[in-house]
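Following: one structure in structure tokens, then a few remarks.
Because the structure is predicted, anything quoted here is derived from the model rather than measured. Just so you know, residue 1 is the first one in the sequence shown, and it goes up from there.
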Amino acid sequence: MAHRIAAYAGIALLLAALLGGCSSTSALNVKQNPDAVLQVWIRQPAGSPAAKTAEKLVREFSRRTGVKAKLVPLYEDFETKLQQQAAQRQLPDVVINDTAQLGTMQSQGWLQEIDRTTFPGGDRIYDRAWKAAQASDGHYYGVPFSAQTFAVFVRADWRAALHLPPPKTWDDLVTMAVAFTTRDPDGDGKADTYGLVIPGTTKRGYMSWYFSTYLYADGADYFAHAPDGRWRPAVNDARWAQSVSWLKDLFCTRKAVNPDAISIDTPRAHDTFEKGIGGMYLTGPYMLPRFVKSMGSAKIEIYPVPTGPDGSEPGALAEGENVYLTQGSPNRAGQRKFAEFATSADGQTMGMDGDNAGPIVRLPITKDVDMGAVRQDPRWKTFQQWYDRAGVYVPSVPNWTPFRQMSADTLNAVMSDCHSNVQQELNRLAGQFAAELKRQHVLAAG
């Protein structure tokens, strides 16, 4: 882990030197050309329904504004390819990417600052969505584009066959997971089903990303915020230990998790749920259209993660995508116009893609769109209501990525080794967090 963090820091320093220190007006002093074609990158697989929706959005933007633009959908190694482009001073003009990547991109000097107060329509964008575009220095370096939170997709037919109640507590989740594993919910006479479907690979920090909703639901957090605005690690407190032990029990004692959980990412987890291997899948609203189409609407129920044993109020990971405008573009006016269109009512509606399988806007970020008028499936409202009530964005440390990766590595290791000592592993993780907070100059004293 030490060599990974050191390498990451070296890359960050190099790219910051190349790209940092530029304002959105100087932008490396690139000569401006309003006819330059905008490169718009989005983290979606080429040819996927979501990529096709993004292509429609980009084409409509060009038709309405006259600004030429080209969509580049990429999925595998998206951030690595961005790093390569940055090293060559050839960043795409616009990047539609996760809110959690804000710190990584901003800390390397890639992004233009956005003035929220003067951005057209900015006052119509929800405050909660703007929060996800705000860096640790208090300034904004992206424009909100999409929001989401996470809930548990449950096989309704399995639950009905086993006469299980809707999950209202963590004990209910365990009971359902064990029943789906041991009581043949699909009735084929084979022991070939499991409870929880988990994308537990360390790739892109997936294990931490997945588990964060359970942590927030149990009142845990990654950091404690000190009065001076700095941070202390909180990953080895009692709530973390209790939540991690709860999940480890499902892995090791009850064996109610898909057997390949520690090695699969989200595309494979989607398939695992879709093929009827597992019956409970914590994921985002973007999977609803696909699962409805492939599995049948009647087989899908959606439930929020219940408040945990130590939680005093609901909590669930909130995230989404921002539109990031990069430094060095020869068409800054075009960049701005794209951000304005993407966040407009028309742009948001187009990105939502109705009840179809290609939404790139999951929950709209503007008050000017009524989700109920665009989507007819009432299950979308579960996500909207839970986002409004319980959504928690990742901490606004300067660079979140290394923390997500370190915590994913630890959680994956604990679940991989049933003899592991949870508290010892979390204490070790807290030490790693403290070292990284210090490196980012935000470690609280004491």
Taking the inter-plane angle between the rings of Y387 and Y393 on a 0 to 90° scale, is it parallel (under 30°), tilted (30 to 60°) or perpendicular (over 60°)?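 Ring orientation, 0 to 90° scale: perpendicular.
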For the pair W400 and Y222, name the ring-plane relationship: parallel under 30°, tilted 30 to 60°, perpendicular over 60°.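 Ring orientation of W400 relative to Y222: perpendicular.
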With sequence neighbours left out, what residues match F150 under ring-ring contact (aromatic ring centres under 6.0 Å, His included)? W209
Mind checking what makes ring-ring contact (aromatic ring centres under 6.0 Å, His included) contact with F223, not counting sequence neighbours? W231, F403, F433
Qualifying side chain to side chain donor-acceptor pair (under 3.5 Å) pairs with a residue from residues 341-352, counting only residues at least two apart or across chains: R64-D346
Sub-3.5 Å donor-acceptor pair from the side chain of [X] to the main-chain atoms of [Y], do we have one?
{"X": "T149", "Y": "L317", "answer": "yes"}
{"X": "D237", "Y": "R239", "answer": "yes"}
{"X": "S407", "Y": "R404", "answer": "yes"}
{"X": "D353", "Y": "G358", "answer": "yes"}

Side chains of [X] and [Y]: is there a donor and an acceptor less than 3.5 Å apart?
{"X": "R379", "Y": "S297", "value": "yes"}
{"X": "S48", "Y": "Y75", "value": "no"}
{"X": "N322", "Y": "T99", "value": "no"}
{"X": "Q440", "Y": "E436", "value": "yes"}
{"X": "N412", "Y": "T202", "value": "no"}

Pair R428 + E425, salt bridge at N-O below 4.0 Å: yes
Residue from T201, V197, D260 passing side chain to side chain contact (heavy atoms under 4.5 Å, CB included) with R268: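 Between R268 and the candidates, side chain to side chain contact (heavy atoms under 4.5 Å, CB included) is satisfied uniquely by D260.
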Give every donor-acceptor pair under 3.5 Å between a side-chain atom in residues 249-257 and any protein atom, sequence neighbours left out.
from: D249; atom 1: OD1; to: T253; atom 2: OG1; distance (Å): 3.4
from: D249; atom 1: OD2; to: R254; atom 2: NE; distance (Å): 2.6
from: K255; atom 1: NZ; to: C252; atom 2: O; distance (Å): 3.2

Within 45° of the axis and under 6.0 Å from the centre of the six-membered ring of F180, does NZ or CZ of R155 qualify? no
By side-chain contact (heavy atoms from CB on, under 4.5 Å), which residues pair with S245, not counting sequence neighbours?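 S245 satisfies side-chain contact (heavy atoms from CB on, under 4.5 Å) with V422 only.
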Does the side chain of E319 reach to within under 4.5 Å of the side chain of V394, using non-hydrogen atoms?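 They are not in side-chain contact.
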Sub-4.5 Å side-chain heavy-atom contact between Y214 and L173: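 Side chain of Y214 against side chain of L173, heavy atoms only: contact under 4.5 Å found.
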Of all pairs that satisfy ring-ring contact (aromatic ring centres under 6.0 Å, His included), the ones with a partner from residues 301-325, not counting sequence neighbours: none
